[in-house]
Amino acid sequence: MSLSEKRKLRKQMLEQHLGDFLENSISKRIVEKDLLAPVLPEKPEKKVWYRVPIPMGKSGDGSEYYIYVKIADPKKLIIFFSGGGVAWDEYTAARPISGGKVAADLPNYYWNNLRPFTQIMNIDMGIMNMKDTENPFKDFSIIDITYATGDFHVGNNEFPYQGEDGEQHVLHFHGYMNFMESMCISKNMFPSPKKLLIAGNSAGAFAVPALSDEILSMWYPDVKDVTLLSDSALLLYKKWNYTAREVWNAPEPICRPIDSDNITLCWYRNLYKKYGEKLKYLYSSSTRDYLLSAYYSDVTYKKYKTDSDVQDAFYKQLVEMVKELKEITPNFNMFINNWEIPIVTKKGTVHTAVREPYFTRFTQDDVTMSRWLYDAVNGNLYDVGMDLL
């Protein structure tokens, strides 16, 4: 090993150590300051976030699974699919996300458990933030279906893999079971909403078209006012059908529509065939998503990194994606942005916005994402940022 390689390795190890230390410190503070969302009591208060343990649920590493709920107006309900990466083979299964890997810029693909730190990603930011006076969704009830299985919420498999430690492990692709159990909770707590928003960010954005039919046919068939939002769900991969069937063991109705490298488009086409214009369809994305472009680089070139080349490739794919969504129906409305955050987005653009602090702050064409989404939910549908394409 050369001197420069040794220095690079030492720097990487230091960054990983610091990243893990920071995550552990934040988790410790959340626990010590009693900031964990309490378990749902028999008599819950309104506008308080609660954890709901799911006894039949399971996170990717086999640990406990729970969701978050907020009770507000029972007639206005948000079912939110959380994001958190994806695993599609043994290599990616062996590399779950940690604070250290993120800090050291090492390959890291999915959250494999729920821990104090992950609460930050699930509640109190963006559309979930009840303290933000600019958030128009404060009065909506919310079921937040957490994510720690790497399978777009559709898996039903026990997947063996060899970890980076050389030992044999199992990734519990239990996203579908977790979803089903979560919906039982949702139906029990909110039996008859009048207005329903089914939304998701990142991996959860892929789940929206995959699972909305089950939500509407099995649990909420009488709801007429339904809006769907996928925030950042573009990752082209030729083996999606194989992954869904053989790696995740997703239910056949979920696998059957996947006939191209664009799994999101496949699922939306299938959904539209059944529901047509009965639903309001929304899609949002930034133009050069720094994170999804890194995933695309990995599935295509086996290099987990983002740079101007893969960001340009993502941009071209997004242009085609928007065109094809509009071909499903011209009423598929878009929020396209080119927001950058120095250092974080690595000269690209943001990854997701609906559950980020800038949901109510950043604007595109003088419109915040929160305003665009709230308008759409209430029947005022329009596109934002199309000139960026």
Side-chain angles (χ1 to χ4, degrees), residues 60 81-93 109-110 145 147 149-159 171-180 198-218 228-276 279 281-283 285 289 292-293 295-300 313-314 316-329 332:
F81 290 101
S82 289
V86 59
W88 58 85
D89 57 16
E90 188 172 357
Y91 178 84
T92 52
Y109 297 94
Y110 69 104
I145 303 177
Y147 180 68
T149 51
D151 56 10
F152 290 167
H153 293 274
V154 302
N156 185 29
N157 196 21
E158 309 295 333
F159 185 72
L171 173 48
H172 303 276
F173 286 124
H174 276 228
Y176 185 73
M177 176 62 75
N178 294 345
F179 157 70
M180 295 286 281
I198 305 173
N201 67 325
S202 195
F206 293 83
V208 171
L211 296 171
S212 284
D213 181 32
E214 296 204 31
I215 293 173
L216 299 176
S217 61
M218 294 178 64
L228 310 181
L229 166 66
S230 287
D231 179 15
S232 306
L234 173 56
L235 178 57
L236 303 186
Y237 182 44
K238 294 179 181 179
K239 294 184 178 181
W240 277 134
N241 187 280
Y242 172 85
T243 300
R245 292 181 184 277
E246 303 300 328
V247 180
W248 300 339
N249 191 33
E252 176 59 25
I254 291 173
C255 298
R256 191 182 307 117
I258 306 170
D259 59 5
S260 80
D261 60 357
N262 191 331
I263 195 171
T264 310
L265 190 63
C266 293
W267 279 333
Y268 267 118
R269 282 173 175 161
N270 186 63
L271 192 65
Y272 187 81
K273 285 179 183 177
K274 180 172 181 178
Y275 290 92
L279 311 178
Y281 305 90
L282 306 176
Y283 186 81
S285 176
D289 188 313
L292 285 179
S293 60
Y295 276 89
Y296 174 72
S297 177
D298 195 282
V299 299
T300 306
F314 178 87
K316 293 175 182 177
Q317 293 163 8
L318 178 62
V319 171
E320 183 64 21
M321 171 76 154
V322 169
K323 174 186 174 184
E324 292 184 293
L325 288 173
K326 286 286 190 179
E327 287 175 354
I328 292 175
T329 171
F332 214 126

Open item on the list: I'd like to know whether Y147 forms a ring-ring contact (aromatic ring centres under 6.0 Å, His included) with Y110, so could you lay out the CA-CA distance, the side-chain angles of the two residues, the decisive distance to 0.1 Å, and finally the verdict.
Closed with: CA-CA 9 Å; Y147 180 68; Y110 69 104; 8.5 Å; no
Task: Which atom of P257 lies closest to which atom of C266, heavy atoms considered - done: O-CB, 3.4 Å
Open item on the list: Please find the pair of heavy atoms, one from C255 and one from A250, that lie closest to each other, and give the distance.
Closed with: SG-O, 3.4 Å
- [ ] Kindly compute the distance separating CG (L235) from OG (S202), expressed to the nearest 0.5 Å.
- [x] 9.5 Å
Open item on the list: For a side-chain contact (heavy atoms from CB on, under 4.5 Å) check, start with the C-alpha distance between L234 and L318, then their side-chain angles and the critical distance, and finish with the verdict.
Closed with: CA-CA 7 Å; L234 173 56; L318 178 62; 4.1 Å; yes
Task: Pairwise side-chain contact, T264 with V208, heavy-atom cut-off 4.5 Å (strictly under) - done: no
Task: 4.5 Å side-chain heavy-atom contact, I263 and Y237 - done: no
Open item on the list: Distance check, rounded to the nearest 0.5 Å: R269 atom CZ versus T329 atom OG1?
Closed with: 13.5 Å
Open item on the list: Under a 3.5 Å distance rule, please check whether N157 uses its side chain to pair with a backbone N or O of V247 as donor and acceptor.
Closed with: yes
Open item on the list: Using side-chain heavy atoms (C-beta onward) and a distance below 4.5 Å, is V86 in contact with Y109?
Closed with: no
TODO: Indicate the atoms forming the closest heavy-atom contact of W240 with D261, along with that distance.
DONE: CD1-O, 3.2 Å
TODO: Please check if atom NZ in K238 has more than 12 non-hydrogen atoms from other residues, nucleotides or ligands closer than 6.0 Å.
DONE: no
Task: Residue pair L228, L271: steps toward the side-chain contact (heavy atoms from CB on, under 4.5 Å) verdict - done: CA-CA 11 Å; L228 310 181; L271 192 65; 3.4 Å; yes
Open item on the list: Quick check on the 6.0 Å ring-centre criterion: do Y176 and W248 meet it?
Closed with: no
TODO: Check each of Y281, Y283, Y268 against S230 using the side-chain hydrogen bond (donor to acceptor under 3.5 Å, both in side chains) test, and report the only one that passes.
DONE: Y268
Open item on the list: What's the separation between atom NE2 in H174 and atom CD in E158, rounded to the nearest 0.5 Å?
Closed with: 3.5 Å
TODO: Report the C-alpha distance between Q317 and Y296 in whole Å, list the side-chain angles of each, state the deciding distance to 0.1 Å, and finish with yes or no for side-chain contact (heavy atoms from CB on, under 4.5 Å).
DONE: CA-CA 11 Å; Q317 293 163 8; Y296 174 72; 3.1 Å; yes
- [ ] Quick one: pull up CG in N270 and CG in L265 and give me the separation to the nearest 0.5 Å.
- [x] 11.5 Å
TODO: Please name the pair of heavy atoms, one in P251 and one in V154, separated by the smallest distance, quoted to 0.1 Å.
DONE: CD-O, 3.5 Å
- [ ] Under the side-chain contact (heavy atoms from CB on, under 4.5 Å) rule, what do W267 and I258 come out as? Steps first, then yes or no, please.
- [x] CA-CA 7 Å; W267 279 333; I258 306 170; 3.8 Å; yes
- [ ] Give a yes or no on this: more than 12 heavy atoms of other residues, nucleotides or ligands lie within 6.0 Å of atom CE of M177.
- [x] no
TODO: Go through the steps to decide whether Y242 and W88 satisfy the test ring-ring contact (aromatic ring centres under 6.0 Å, His included), and finish with yes or no.
DONE: CA-CA 9 Å; Y242 172 85; W88 58 85; over 10 Å; no
Open item on the list: Donor-acceptor check, side chain of S212 to backbone of P209, threshold 3.5 angstrom: yes or no?
Closed with: no
Task: Sidechain-backbone polar pair: S285 side chain, S232 backbone, donor-acceptor under 3.5 Å - done: no
Task: Derivation and outcome, side chain to side chain donor-acceptor pair (under 3.5 Å), residues Y275 and D213 - done: CA-CA 9 Å; Y275 290 92; D213 181 32; 2.5 Å; yes
Open item on the list: Testing the 3.5 Å rule here: is there a donor-acceptor pair between the side chains of N241 and R245?
Closed with: yes
- [ ] Enter the distance from K316:NZ to E320:CD here, rounded to the nearest 0.5 Å.
- [x] 12.5 Å
Task: Where A93 and L171 come nearest, the two heavy atoms and their spacing - done: CB-CD2, 3.8 Å
Task: T149 to H172 - nearest heavy-atom pair and separation - done: CG2-O, 3.7 Å
- [ ] For this output row, return yes or no: ring centroids of F81 and H153 closer than 6.0 angstrom.
- [x] yes
- [ ] Rounded to the nearest 0.5 Å, what's the gap from CE on M180 to CG on L211? Could you check?
- [x] 9.5 Å
